[in-house]
Amino acid sequence: MKIVFVSSEVFPFSKTGGLADVTGALPKALSSLGCEVKIFTPKYSSIDEDKFGLKYNWKIGEMPIRVNSIIRSAHLHQALLPDSNVEVNFIDCPHYFFRGQIYTEHPDEDERFILFSKAVLETLQRFNWAPDVIHCNDWQTGLLPLFLRDNYNWDKLFENTATLYTIHNMGYQGKFSTSTLLSAEIRSGFYFPGGPVEFEDSVSFMKTGILFSDIINTVSKTYAQEILTPEYGAGLDGVLRERKDDLYGILNGADYSTWDPAHDKHLPYHYSSNDLSGKLKNKKFLLEHLKLPFAEDIPLIGIISRMVHQKGFDIVTGASTDLMNLDAQWVILGNGLSEFENLIRSLSKKYPGKVSAYIGYNNELAHLIEAGADIFLMPSKYEPCGLNQIYSLRYGTVPVVRKTGGLADTVHDWHHLKSLGDESGTGFTFDDYSSYTLYTTVKRSVETFPDKSTWHKIQMNGMKKEYSWETSAKEYLKLYQKAVEKRRNI
Ligand code: ADP
């Protein structure tokens with residue numbers, strides 16, 4: 001099967017969150033299953049051409065693409081996804097992508113991804129290569145299924161090309177003013193109150209993606225159910241309910257070639273479920289590095305997260321005094337809203353021997369925290385899939401999570417299952433989104449930690465779990481098949 005994978009982030013070239021991890025790994029797994037996969041992503045100025053061996057494609061040359069009535073010139077660079085034969089196509093248009101960040105708040109943010117989506121189709125035309133499925137991801141690629149069905153409908157090349165639209169987060173929908181209609185050359189007939197492109201008097205990239213693609217999915221089964229409700233649907237639950245027969249949930253995998261303590265290249269000491277002594281050495285190393293005192297019997301709680309409301313920082317704020325009174329140490333890595341960054345900074349100042357904060361992005365430290373911490377906290381308000389709890393399971397770092405989305409699908413409460421006579425729990429979970437339940441659940445984990453045999457059992461249960469991309473990729477293949485059948489009316 002021929003697949004085009006379109007994403008605004010691909011690890012290791014560009015990353016702000018889990019989307020990059022997915023698009024850096026799933027294409028590899030699909031390729032191993034025999035698919036021919038081409039990835040498309042923007043060539044941001046932060047991507048190191050020499051490091052990744054990007055090559056300008058002279059055959060394609062310059063592609064004129066009209067956005068907002070101005071003809072821009074786009075061109076193509078290519079490289080291979082590391083450790084694979086998967087071709088990565090980087091769409092370059094310096095006017096749009098030579099900027100300080102991957103995402104901006106500039107007034108032409110819509111134009112950047114209009115150009116990108118159109119350039120994907122223009123490149124495929126020049127390759128004369130018709131994929132069976134174009135796999136779009138998140139709002140940045142939401143207009144592509146409409147372009148395929150309307151603006152590029154004249155081209156027989158795409159006659160049998162189906163689309164799959166994956167929602168990685170309902171919280172980011174790509175809503176822009178109606179000037180987008182002109183910029184993208186969307187026919188006015190698609191825009192009217194309640195129409196397929198309109199949402200709250202704006203143009204919605206995500207709504208368009210949901211309504212024009214053949215099949216839709218999100219990144220866990222629970223989140224696929226949750227987004228059909230007003231609480232989690234972020235205003236688009238009605239639209240999703242309209243398409244609920246075409247909506248699926250597939251849990252993300254973990255890229256264990258990068259995230260496994262047995263061979264993680266960022267760790268000073270390797271370990272596995274056969275021998276956890278390396279984990280303790282990593283804890284010692286990490287605490288020294290953070291200038292916190294080492295005490296084997298005091299649990300170290302880790303957080304690696306974007307500091308935003310979605311990730312539960314408002315309930316962390318409410319619980320912070322109680323949490324600090326627990327006999328535990330904290331290492332917190334992340335950045336985001338200044339109110340939460342300031343809270344975390346102030347905790348590290350107020351409790352110097354107890355809390356270490358790194359405000360920023362640091363991939364190496366993220367690996368060290370996964371290995372060195374005893375407990376990993378992820379109290380999300382909602383969580384489409386979540387990757388860090390999946391990594392934590394493999395690193396023997398017991399997750400404490402709110403039971404929502406992918407967190408509910410991957411972490412099972414030790415005490416709850418134990419009360420049913422089942423000893424297969426992998427962490428600690430809570431339902432109620434409140435500071436109080438967050439606090440009592442963290443407390444429960446801290447109080448369980450000294451019981452070494454129970455703790456070891458919980459760690460082992462988690463370390464044995466396998467959330468491989470191979471399993472997810474097989475499920476994606478089934479969805480591609482469904483999309484193709486729908487497109488061809490089979
Ligand atoms: P989301 O995509 O919603 O941010 P996920 O749990 O799906 O959350 O994925 C987050 C990914 O980003 C993980 O690989 C995590 O390690 C990484 N990450 C998040 N914040 C940071 C940070 N400040 N420094 C390093 N890595 C980070």
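Order of appearance sets the numbers: ligands from 1, and atoms from 1 within every ligand. Hydrogens, waters and symmetry mates play no part in the numbers below; they use all other heavy atoms, side chains included. Remember, it's a predicted structure, so these values are computed and weren't measured experimentally.
- Between Thr397 and Tyr391, the side chains place no donor N or O within less than 3.5 Å of an acceptor N or O (distance only, hydrogens not considered).
- When ring centroids are compared, Tyr44 and Phe90 stay outside the 6.0 Å threshold.
- Of all protein heavy atoms, the one lying nearest to atom 4 (O) of ligand 1 is Arg306 NE, 2.8 Å.
- Checked by atom type, the side-chain pair Ser32/Glu470 shows no donor-acceptor distance below 3.5 Å.
- Contacts between Lys311 and ligand 1, counted as non-hydrogen atom pairs separated by less than 4.0 Å, involve the side chain only.
- For the residue pair His309 / Asp314, a side-chain donor-acceptor distance below 3.5 Å is found, with atom types taken as modelled.
- Taking 4.0 Å as the cut-off, Met378 counts as a neighbour of ligand 1 on heavy-atom distance.
- Protein heavy atom closest to atom 7 (O) of ligand 1, with residue, atom name and distance, is Leu387 N, 3.5 Å.
- Of all atoms in ligand 1, numbered sequentially from 1 with element shown, those under 4.0 Å from a heavy atom of Gly360 are 22 (C), 23 (N).
- Distance from atom 12 (O) of ligand 1 to its nearest protein heavy atom, with residue and atom name: Lys15 CE, 3.6 Å.
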Next on the checklist: Between Asn217 and Tyr476, does the side chain to side chain donor-acceptor pair (under 3.5 Å) criterion hold? Intermediate values first, please.
Outcome noted: CA-CA 9 Å; Asn217 83 299; Tyr476 272 102; 3.0 Å; yes

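- Judged by distance alone, the side chain of Glu288 and the main-chain N or O of Pro293 form no donor-acceptor pair under 3.5 Å.
- For the pair Gly334 and ligand 1, a heavy-atom separation below 4.0 Å is found.
- The shortest contact between atom 26 (N) of ligand 1 and any protein heavy atom is with Tyr361 CE1, 3.4 Å.
- Within the 4.5 Å cutoff, the side chain of Ile114 has heavy atoms near those of the Phe205 side chain.
- Pairing each heavy atom of Ser220 with each of Gly406, the nearest pair is OG-N, 3.2 Å.
- Closest protein heavy atom to atom 14 (O) of ligand 1: Asp21 OD2, 2.7 Å.
- Of all protein heavy atoms, the one lying nearest to atom 2 (O) of ligand 1 is Gly18 N, 2.6 Å.
- Scanning the protein for heavy atoms near atom 24 (N) of ligand 1, the closest one is Asn362 N, 3.0 Å.
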